[in-house]
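Here's the structure, in C-alpha coordinates; my notes come after.
The model shown is predicted, which means the values in this text are computed figures rather than measured ones. Convention: sequence-line order gives letters A, B, ...; per-chain numbering from 1.
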Amino acid sequence: MDAEQVKLEPTVRRWASSARFDDDPRELNARAELLLAFCEFANTAPAAIIEGCLLADADAAVGGQREISIRGRREMNDQIEAWSDQLVGTEFMRITAGNTIRGFLVHNGILIQGHPAL
Amino acid sequence: MELKQAIGSRRTIRFFKPWRPVEKAKIQVILEAANRSSRSMNADYVKAIVVNRDELSPELRDTLRNPTTSLSLDLAPTYIMWFINLNYPDGTKERLKELVDHDIQVASQGWSHAYVDETIQRTVIEKITGDESRLQWMGAIESGQAIAQAMLAAVDEGLGCALHNFADAGIREPLGVPDHWRRAWIMLLGYPLEEPEAGGQRPRRPLSENFFWGDAHTPFEDDPEVTEQLKQDGMIQTPSPLPWRRDEMRAINRMLGLAD
(Lines give C-alpha, C1' and ligand atoms only; values in the text may rest on other atoms or scores of the structure.)
Protein backbone atom coordinates (compact mmCIF):
# COMPACT_ATOMS: atom_id res chain seq x y z
CA MET A 1 0.00 0.00 0.00
CA ASP A 2 1.24 3.47 -0.83
CA ALA A 3 0.04 6.92 0.18
CA GLU A 4 -2.22 7.20 -2.88
CA GLN A 5 -3.95 3.97 -1.93
CA VAL A 6 -4.21 5.10 1.68
CA LYS A 7 -6.05 8.23 0.56
CA LEU A 8 -8.68 6.09 -1.15
CA GLU A 9 -9.41 4.01 1.93
CA PRO A 10 -12.99 4.62 3.15
CA THR A 11 -11.75 5.17 6.71
CA VAL A 12 -9.32 7.80 5.47
CA ARG A 13 -11.94 9.53 3.35
CA ARG A 14 -14.21 9.57 6.34
CA TRP A 15 -11.41 11.08 8.43
CA ALA A 16 -10.68 13.74 5.84
CA SER A 17 -14.32 14.67 5.49
CA SER A 18 -15.07 14.76 9.21
CA ALA A 19 -11.92 16.72 10.08
CA ARG A 20 -12.51 19.00 7.06
CA PHE A 21 -9.22 18.60 5.27
CA ASP A 22 -10.58 16.73 2.27
CA ASP A 23 -10.35 19.85 0.14
CA ASP A 24 -6.75 20.53 1.14
CA PRO A 25 -4.47 18.25 -0.89
CA ARG A 26 -1.32 19.14 1.06
CA GLU A 27 -2.95 18.37 4.38
CA LEU A 28 -4.43 15.16 2.99
CA ASN A 29 -1.06 14.06 1.62
CA ALA A 30 0.77 14.87 4.84
CA ARG A 31 -1.69 12.96 6.99
CA ALA A 32 -1.86 10.02 4.61
CA GLU A 33 1.95 9.78 4.72
CA LEU A 34 1.89 9.72 8.51
CA LEU A 35 -0.83 7.10 8.60
CA LEU A 36 1.04 4.99 6.09
CA ALA A 37 4.19 5.25 8.19
CA PHE A 38 2.30 4.12 11.25
CA CYS A 39 0.70 1.24 9.36
CA GLU A 40 4.12 0.07 8.22
CA PHE A 41 5.51 0.34 11.74
CA ALA A 42 2.60 -1.60 13.25
CA ASN A 43 2.29 -3.92 10.25
CA THR A 44 -1.35 -3.09 9.82
CA ALA A 45 -3.78 -1.23 7.55
CA PRO A 46 -6.10 1.72 8.16
CA ALA A 47 -9.28 -0.31 8.46
CA ALA A 48 -7.54 -2.82 10.73
CA ILE A 49 -6.50 -0.03 13.08
CA ILE A 50 -10.14 0.83 13.63
CA GLU A 51 -11.19 -2.80 13.92
CA GLY A 52 -8.45 -3.37 16.47
CA CYS A 53 -10.11 -0.86 18.76
CA LEU A 54 -13.53 -2.52 18.56
CA LEU A 55 -14.82 -5.71 20.08
CA ALA A 56 -14.90 -8.46 17.50
CA ASP A 57 -17.67 -10.38 19.20
CA ALA A 58 -20.76 -10.45 17.00
CA ASP A 59 -22.83 -9.68 20.08
CA ALA A 60 -20.99 -6.38 20.36
CA ALA A 61 -22.66 -5.12 17.20
CA VAL A 62 -26.23 -4.26 18.05
CA GLY A 63 -28.46 -1.94 16.05
CA GLY A 64 -25.54 -0.74 13.98
CA GLN A 65 -23.57 0.14 17.11
CA ARG A 66 -20.20 -1.34 17.93
CA GLU A 67 -18.53 -1.47 21.31
CA ILE A 68 -15.06 -0.11 21.88
CA SER A 69 -12.54 -2.63 23.15
CA ILE A 70 -10.85 -1.06 26.15
CA ARG A 71 -7.86 -3.36 25.79
CA GLY A 72 -7.68 -2.96 22.03
CA ARG A 73 -7.72 0.80 22.28
CA ARG A 74 -5.09 0.80 25.02
CA GLU A 75 -2.84 -1.45 22.95
CA MET A 76 -3.34 0.75 19.89
CA ASN A 77 -2.50 3.81 21.96
CA ASP A 78 0.68 2.08 23.15
CA GLN A 79 1.60 1.32 19.54
CA ILE A 80 1.01 4.92 18.56
CA GLU A 81 3.20 6.01 21.44
CA ALA A 82 5.95 3.56 20.47
CA TRP A 83 5.79 4.68 16.85
CA SER A 84 5.91 8.39 17.61
CA ASP A 85 8.74 7.90 20.14
CA GLN A 86 11.03 6.46 17.49
CA LEU A 87 10.40 9.18 14.93
CA VAL A 88 13.23 11.53 14.17
CA GLY A 89 12.43 15.14 14.96
CA THR A 90 11.50 17.50 17.73
CA GLU A 91 9.35 16.39 20.62
CA PHE A 92 6.57 18.65 19.36
CA MET A 93 6.70 16.99 15.96
CA ARG A 94 6.63 13.49 17.45
CA ILE A 95 3.71 14.24 19.77
CA THR A 96 1.80 15.89 16.95
CA ALA A 97 2.38 12.88 14.71
CA GLY A 98 1.01 10.54 17.38
CA ASN A 99 -2.01 12.75 17.88
CA THR A 100 -2.59 12.81 14.13
CA ILE A 101 -3.03 9.04 14.19
CA ARG A 102 -5.33 9.40 17.18
CA GLY A 103 -7.32 11.89 15.09
CA PHE A 104 -7.77 9.18 12.49
CA LEU A 105 -9.24 6.97 15.21
CA VAL A 106 -11.44 9.74 16.61
CA HIS A 107 -13.03 10.58 13.29
CA ASN A 108 -13.78 6.90 12.78
CA GLY A 109 -15.67 6.66 16.04
CA ILE A 110 -12.99 5.65 18.53
CA LEU A 111 -12.88 8.02 21.48
CA ILE A 112 -9.25 8.46 22.40
CA GLN A 113 -7.21 11.34 23.77
CA GLY A 114 -3.56 12.03 23.36
CA HIS A 115 -1.38 14.24 25.42
CA PRO A 116 -0.39 17.80 24.67
CA ALA A 117 3.02 18.98 23.60
CA LEU A 118 3.98 21.11 26.58
CA MET B 1 -19.22 39.25 39.79
CA GLU B 2 -22.94 39.12 40.40
CA LEU B 3 -24.57 35.75 40.98
CA LYS B 4 -26.55 35.83 37.73
CA GLN B 5 -23.40 36.62 35.79
CA ALA B 6 -21.54 33.76 37.47
CA ILE B 7 -24.33 31.32 36.68
CA GLY B 8 -24.45 32.50 33.07
CA SER B 9 -20.67 32.45 32.65
CA ARG B 10 -20.05 28.95 33.95
CA ARG B 11 -18.84 26.59 31.28
CA THR B 12 -17.09 23.27 31.18
CA ILE B 13 -13.59 24.45 30.39
CA ARG B 14 -11.60 21.84 28.48
CA PHE B 15 -8.40 23.72 27.76
CA PHE B 16 -6.49 25.29 30.64
CA LYS B 17 -3.27 27.28 30.75
CA PRO B 18 -1.02 24.52 32.06
CA TRP B 19 1.67 26.96 33.11
CA ARG B 20 -0.42 29.15 35.42
CA PRO B 21 -1.04 27.80 38.92
CA VAL B 22 -4.19 28.43 40.92
CA GLU B 23 -3.67 30.55 44.00
CA LYS B 24 -4.33 28.77 47.27
CA ALA B 25 -6.55 31.64 48.42
CA LYS B 26 -8.88 30.93 45.50
CA ILE B 27 -9.01 27.27 46.45
CA GLN B 28 -10.08 28.29 49.92
CA VAL B 29 -12.91 30.39 48.48
CA ILE B 30 -14.07 27.44 46.40
CA LEU B 31 -14.00 25.05 49.35
CA GLU B 32 -15.81 27.53 51.56
CA ALA B 33 -18.52 27.87 48.91
CA ALA B 34 -18.95 24.10 49.04
CA ASN B 35 -18.96 24.20 52.82
CA ARG B 36 -21.82 26.73 52.78
CA SER B 37 -24.14 24.62 50.65
CA SER B 38 -27.59 23.53 51.75
CA ARG B 39 -27.55 20.09 53.37
CA SER B 40 -30.19 18.11 55.20
CA MET B 41 -29.45 17.16 58.83
CA ASN B 42 -26.58 19.68 58.63
CA ALA B 43 -24.48 16.68 57.68
CA ASP B 44 -21.14 16.57 55.91
CA TYR B 45 -21.99 14.81 52.67
CA VAL B 46 -19.03 15.81 50.65
CA LYS B 47 -15.30 15.33 51.10
CA ALA B 48 -12.61 16.67 48.83
CA ILE B 49 -8.90 16.33 48.29
CA VAL B 50 -7.14 19.17 46.53
CA VAL B 51 -3.95 18.36 44.67
CA ASN B 52 -1.80 20.32 42.32
CA ARG B 53 -1.01 18.41 39.15
CA ASP B 54 2.72 18.85 39.45
CA GLU B 55 2.78 17.60 43.03
CA LEU B 56 1.46 14.22 41.92
CA SER B 57 4.00 11.79 40.56
CA PRO B 58 3.50 11.04 36.84
CA GLU B 59 2.68 7.43 37.78
CA LEU B 60 -0.03 8.49 40.21
CA ARG B 61 -1.42 11.01 37.76
CA ASP B 62 -1.62 8.32 35.12
CA THR B 63 -3.84 6.22 37.39
CA LEU B 64 -6.48 8.97 37.28
CA ARG B 65 -6.82 8.82 33.53
CA ASN B 66 -9.75 7.46 31.65
CA PRO B 67 -10.55 7.87 27.96
CA THR B 68 -12.47 11.12 28.38
CA THR B 69 -10.35 12.81 31.03
CA SER B 70 -6.80 12.17 29.95
CA LEU B 71 -5.96 15.36 28.07
CA SER B 72 -7.47 17.77 30.57
CA LEU B 73 -5.49 16.15 33.39
CA ASP B 74 -2.33 17.25 31.60
CA LEU B 75 -3.56 20.79 31.17
CA ALA B 76 -5.31 21.67 34.43
CA PRO B 77 -2.87 22.75 37.16
CA THR B 78 -5.15 21.83 40.07
CA TYR B 79 -7.53 18.98 40.76
CA ILE B 80 -10.22 18.74 43.38
CA MET B 81 -11.30 15.15 43.87
CA TRP B 82 -14.81 15.14 45.27
CA PHE B 83 -16.13 12.19 47.22
CA ILE B 84 -19.46 11.33 48.77
CA ASN B 85 -19.05 10.60 52.47
CA LEU B 86 -21.28 7.58 53.02
CA ASN B 87 -20.87 7.96 56.78
CA TYR B 88 -22.74 11.26 56.65
CA PRO B 89 -25.47 10.12 59.08
CA ASP B 90 -22.86 9.82 61.84
CA GLY B 91 -23.33 12.53 64.45
CA THR B 92 -26.74 13.54 63.15
CA LYS B 93 -28.35 13.66 66.59
CA GLU B 94 -25.71 15.95 68.03
CA ARG B 95 -25.88 18.29 65.05
CA LEU B 96 -29.66 18.47 65.12
CA LYS B 97 -29.72 19.19 68.86
CA GLU B 98 -27.28 22.00 68.20
CA LEU B 99 -29.73 23.46 65.69
CA VAL B 100 -32.54 23.11 68.25
CA ASP B 101 -30.37 24.91 70.83
CA HIS B 102 -29.73 27.68 68.30
CA ASP B 103 -33.48 28.10 67.68
CA ILE B 104 -33.01 27.12 64.06
CA GLN B 105 -35.02 23.90 64.28
CA VAL B 106 -37.94 25.12 66.36
CA ALA B 107 -40.84 23.60 68.28
CA SER B 108 -43.47 25.15 66.03
CA GLN B 109 -42.10 22.94 63.29
CA GLY B 110 -41.98 19.90 65.53
CA TRP B 111 -38.40 19.94 66.71
CA SER B 112 -37.24 19.18 70.25
CA HIS B 113 -34.39 17.47 72.06
CA ALA B 114 -36.85 14.72 72.91
CA TYR B 115 -37.60 14.04 69.25
CA VAL B 116 -33.94 13.94 68.42
CA ASP B 117 -33.00 11.84 71.46
CA GLU B 118 -35.83 9.36 71.43
CA THR B 119 -37.35 8.85 68.01
CA ILE B 120 -35.28 10.22 65.17
CA GLN B 121 -32.85 7.30 65.22
CA ARG B 122 -35.47 4.71 64.35
CA THR B 123 -37.74 7.03 62.38
CA VAL B 124 -35.24 8.68 60.10
CA ILE B 125 -31.60 7.77 60.50
CA GLU B 126 -31.97 4.01 60.34
CA LYS B 127 -34.27 4.38 57.35
CA ILE B 128 -31.37 6.01 55.56
CA THR B 129 -28.52 3.86 56.81
CA GLY B 130 -30.52 0.68 56.27
CA ASP B 131 -31.31 1.41 52.66
CA GLU B 132 -28.27 1.54 50.41
CA SER B 133 -30.05 3.23 47.52
CA ARG B 134 -31.46 5.93 49.78
CA LEU B 135 -28.10 6.43 51.43
CA GLN B 136 -26.42 6.88 48.07
CA TRP B 137 -29.24 8.97 46.59
CA MET B 138 -29.19 11.50 49.41
CA GLY B 139 -25.42 11.55 49.43
CA ALA B 140 -25.29 12.25 45.72
CA ILE B 141 -27.90 15.01 45.77
CA GLU B 142 -26.40 16.85 48.70
CA SER B 143 -22.84 16.47 47.45
CA GLY B 144 -23.97 17.76 44.07
CA GLN B 145 -25.24 20.95 45.66
CA ALA B 146 -21.88 21.54 47.29
CA ILE B 147 -19.98 20.87 44.09
CA ALA B 148 -22.27 23.19 42.13
CA GLN B 149 -21.57 26.04 44.55
CA ALA B 150 -17.87 25.33 44.30
CA MET B 151 -18.07 25.67 40.53
CA LEU B 152 -19.81 29.03 40.72
CA ALA B 153 -17.21 30.23 43.20
CA ALA B 154 -14.49 29.18 40.77
CA VAL B 155 -16.13 31.22 38.02
CA ASP B 156 -16.43 34.16 40.39
CA GLU B 157 -12.69 33.88 41.05
CA GLY B 158 -11.94 34.14 37.34
CA LEU B 159 -11.09 30.47 36.99
CA GLY B 160 -12.26 27.82 34.60
CA CYS B 161 -13.43 24.48 35.85
CA ALA B 162 -14.78 21.19 34.62
CA LEU B 163 -16.22 18.12 36.25
CA HIS B 164 -15.08 14.75 34.98
CA ASN B 165 -15.30 11.14 35.87
CA PHE B 166 -11.98 9.78 37.07
CA ALA B 167 -10.35 6.51 37.96
CA ASP B 168 -9.75 6.44 41.69
CA ALA B 169 -8.48 2.90 42.30
CA GLY B 170 -4.85 3.91 42.01
CA ILE B 171 -4.97 6.94 44.27
CA ARG B 172 -7.11 5.67 47.13
CA GLU B 173 -4.33 4.10 49.13
CA PRO B 174 -1.54 6.59 48.35
CA LEU B 175 -3.79 9.52 49.23
CA GLY B 176 -5.36 7.76 52.21
CA VAL B 177 -8.92 7.82 50.92
CA PRO B 178 -11.17 6.00 53.41
CA ASP B 179 -13.38 3.18 52.22
CA HIS B 180 -16.58 5.09 53.00
CA TRP B 181 -15.68 7.92 50.60
CA ARG B 182 -17.30 7.12 47.29
CA ARG B 183 -15.84 8.72 44.19
CA ALA B 184 -17.98 11.55 42.81
CA TRP B 185 -16.24 13.83 40.30
CA ILE B 186 -12.84 15.28 39.75
CA MET B 187 -13.00 19.04 39.31
CA LEU B 188 -10.26 20.36 37.08
CA LEU B 189 -9.33 23.92 37.85
CA GLY B 190 -7.19 26.51 36.19
CA TYR B 191 -7.11 29.62 34.10
CA PRO B 192 -8.82 29.01 30.76
CA LEU B 193 -6.62 28.72 27.72
CA GLU B 194 -9.72 28.90 25.57
CA GLU B 195 -11.88 32.00 25.75
CA PRO B 196 -14.01 31.87 28.91
CA GLU B 197 -17.12 31.74 26.71
CA ALA B 198 -15.78 28.33 25.62
CA GLY B 199 -17.72 28.38 22.39
CA GLY B 200 -20.82 30.12 23.72
CA GLN B 201 -23.60 29.20 26.08
CA ARG B 202 -24.73 25.63 25.54
CA PRO B 203 -28.05 24.94 23.86
CA ARG B 204 -30.78 24.47 26.42
CA ARG B 205 -34.37 23.56 25.88
CA PRO B 206 -36.94 26.27 26.69
CA LEU B 207 -38.23 26.40 30.26
CA SER B 208 -41.60 25.20 29.06
CA GLU B 209 -40.14 21.85 28.12
CA ASN B 210 -38.96 20.89 31.60
CA PHE B 211 -40.74 23.17 34.06
CA PHE B 212 -44.43 23.33 34.82
CA TRP B 213 -46.93 25.44 36.64
CA GLY B 214 -49.56 23.90 38.89
CA ASP B 215 -49.34 20.42 37.45
CA ALA B 216 -47.08 18.35 35.25
CA HIS B 217 -49.16 19.11 32.15
CA THR B 218 -49.01 22.89 32.15
CA PRO B 219 -45.72 24.23 30.83
CA PHE B 220 -44.19 27.19 32.57
CA GLU B 221 -44.52 30.27 30.37
CA ASP B 222 -41.58 32.60 30.49
CA ASP B 223 -42.00 36.36 30.41
CA PRO B 224 -40.00 37.98 27.58
CA GLU B 225 -39.25 41.00 29.75
CA VAL B 226 -37.66 38.81 32.40
CA THR B 227 -35.71 36.99 29.70
CA GLU B 228 -34.43 40.32 28.41
CA GLN B 229 -33.39 41.37 31.90
CA LEU B 230 -31.52 38.08 32.36
CA LYS B 231 -29.63 38.78 29.15
CA GLN B 232 -28.63 42.17 30.50
CA ASP B 233 -27.61 40.59 33.81
CA GLY B 234 -25.48 37.97 32.09
CA MET B 235 -27.38 34.84 33.03
CA ILE B 236 -28.44 34.31 29.45
CA GLN B 237 -25.50 34.84 27.11
CA THR B 238 -24.63 34.48 23.46
CA PRO B 239 -25.37 30.89 22.53
CA SER B 240 -23.09 28.50 20.73
CA PRO B 241 -21.89 28.25 18.06
CA LEU B 242 -19.72 31.34 18.12
CA PRO B 243 -18.46 32.25 14.64
CA TRP B 244 -14.79 32.06 15.59
CA ARG B 245 -14.97 28.89 17.68
CA ARG B 246 -13.67 26.54 14.99
CA ASP B 247 -10.66 28.77 14.37
CA GLU B 248 -10.06 28.99 18.12
CA MET B 249 -10.04 25.21 18.43
CA ARG B 250 -7.78 24.84 15.44
CA ALA B 251 -5.32 27.34 16.90
CA ILE B 252 -5.29 25.65 20.31
CA ASN B 253 -4.92 22.21 18.78
CA ARG B 254 -1.99 23.36 16.71
CA MET B 255 -0.41 25.09 19.67
CA LEU B 256 -0.57 21.89 21.71
CA GLY B 257 0.05 19.41 18.90
CA LEU B 258 -3.36 17.82 19.29
CA ALA B 259 -5.63 16.02 16.86
CA ASP B 260 -8.24 18.10 15.10
Side-chain angles (χ1 to χ4, degrees), chain A residues 12 14-22 24 27-28 30-31 34-35 38 49-50 53-54 67-78 80-81 83-85 87 89-118, chain B residues 12-21 52-54 56-78 160 162 164-167 169-170 186 188 190-194 241 243-260:
Chain A
V12 174
R14 188 183 192 194
W15 177 29
S17 169
S18 177
R20 300 184 184 91
F21 60 85
D22 48 351
D24 183 344
E27 192 71 27
L28 180 58
R31 296 195 197 202
L34 281 174
L35 183 59
F38 174 71
I49 296 173
I50 307 302
C53 295
L54 295 167
E67 187 173 341
I68 289 175
S69 161
I70 304 299
R71 191 174 69 181
R73 177 172 58 186
R74 188 175 56 237
E75 288 173 357
M76 192 59 68
N77 194 50
D78 290 345
I80 293 170
E81 206 67 25
W83 169 72
S84 59
D85 275 352
L87 293 174
T90 63
E91 184 186 16
F92 183 86
M93 191 221 79
R94 285 186 277 113
I95 290 173
T96 303
N99 286 335
T100 299
I101 305 305
R102 292 186 184 94
F104 167 70
L105 288 168
V106 167
H107 288 283
N108 279 285
I110 309 299
L111 192 155
I112 189 169
Q113 293 184 358
H115 51 89
L118 297 177
Chain B
T12 294
I13 293 296
R14 293 179 169 83
F15 295 91
F16 298 92
K17 291 176 178 168
W19 56 84
R20 186 169 176 188
N52 285 321
R53 176 197 61 211
D54 296 339
L56 280 179
S57 69
E59 296 75 23
L60 214 48
R61 198 198 310 170
D62 281 345
T63 70
L64 295 168
R65 298 183 193 277
N66 69 26
T68 57
T69 310
S70 187
L71 172 62
S72 298
L73 285 169
D74 290 328
L75 297 176
T78 299
H164 287 270
N165 191 9
F166 69 111
I186 191 166
L188 304 181
Y191 288 89
L193 176 61
E194 57 188 313
W244 39 263
R245 175 64 170 177
R246 190 162 296 161
D247 291 336
E248 180 191 24
M249 283 299 97
R250 174 171 282 235
I252 288 176
N253 288 335
R254 295 201 167 183
M255 173 185 177
L256 299 172
L258 299 171
D260 60 12

To the nearest 0.5 Å, atom CZ of B:R246 lies from atom CZ of A:R20 at 3.0 Å
Distance-only donor-acceptor pairs under 3.5 Å for side chains of residues 248-260 of chain B, two or more places apart:
{"from": "B:E248", "atom 1": "OE1", "to": "B:R245", "atom 2": "NH1", "distance (Å)": "2.9"}
{"from": "B:E248", "atom 1": "OE2", "to": "B:E195", "atom 2": "N", "distance (Å)": "2.7"}
{"from": "B:N253", "atom 1": "ND2", "to": "B:M249", "atom 2": "O", "distance (Å)": "3.2"}
{"from": "B:D260", "atom 1": "OD1", "to": "A:R31", "atom 2": "NH1", "distance (Å)": "3.3"}
{"from": "B:D260", "atom 1": "OD1", "to": "A:R31", "atom 2": "NH2", "distance (Å)": "3.0"}

For B:F166, the ring-ring contact (aromatic ring centres under 6.0 Å, His included) test, sequence neighbours excluded, returns none
Worksheet entry | Residues, nucleotides or ligands: over 12 heavy atoms within 6.0 Å of A:R94 CZ | yes
When the 4.5 angstrom heavy-atom criterion is applied to A:R74 and chain B, the contacting part is neither
If one checks every heavy atom of B:L75 against chain A at 4.5 Å, the contacting part turns out to be side chain
Turns out that what part of A:L118 lies under 4.5 Å from chain B's heavy atoms comes down to side chain
Expected contact set for residues 103-111 of chain A against chain B at heavy-atom separation under 4.5 Å reads A:G103, A:H107, A:L111
The interface call for A:E91 against chain B, heavy-atom contacts under 4.5 Å, is neither
Here the salt bridge (charged side-chain N to carboxylate O under 4.0 Å, His left out) pairs for residues 109-118 of chain A, sequence neighbours left out, are none
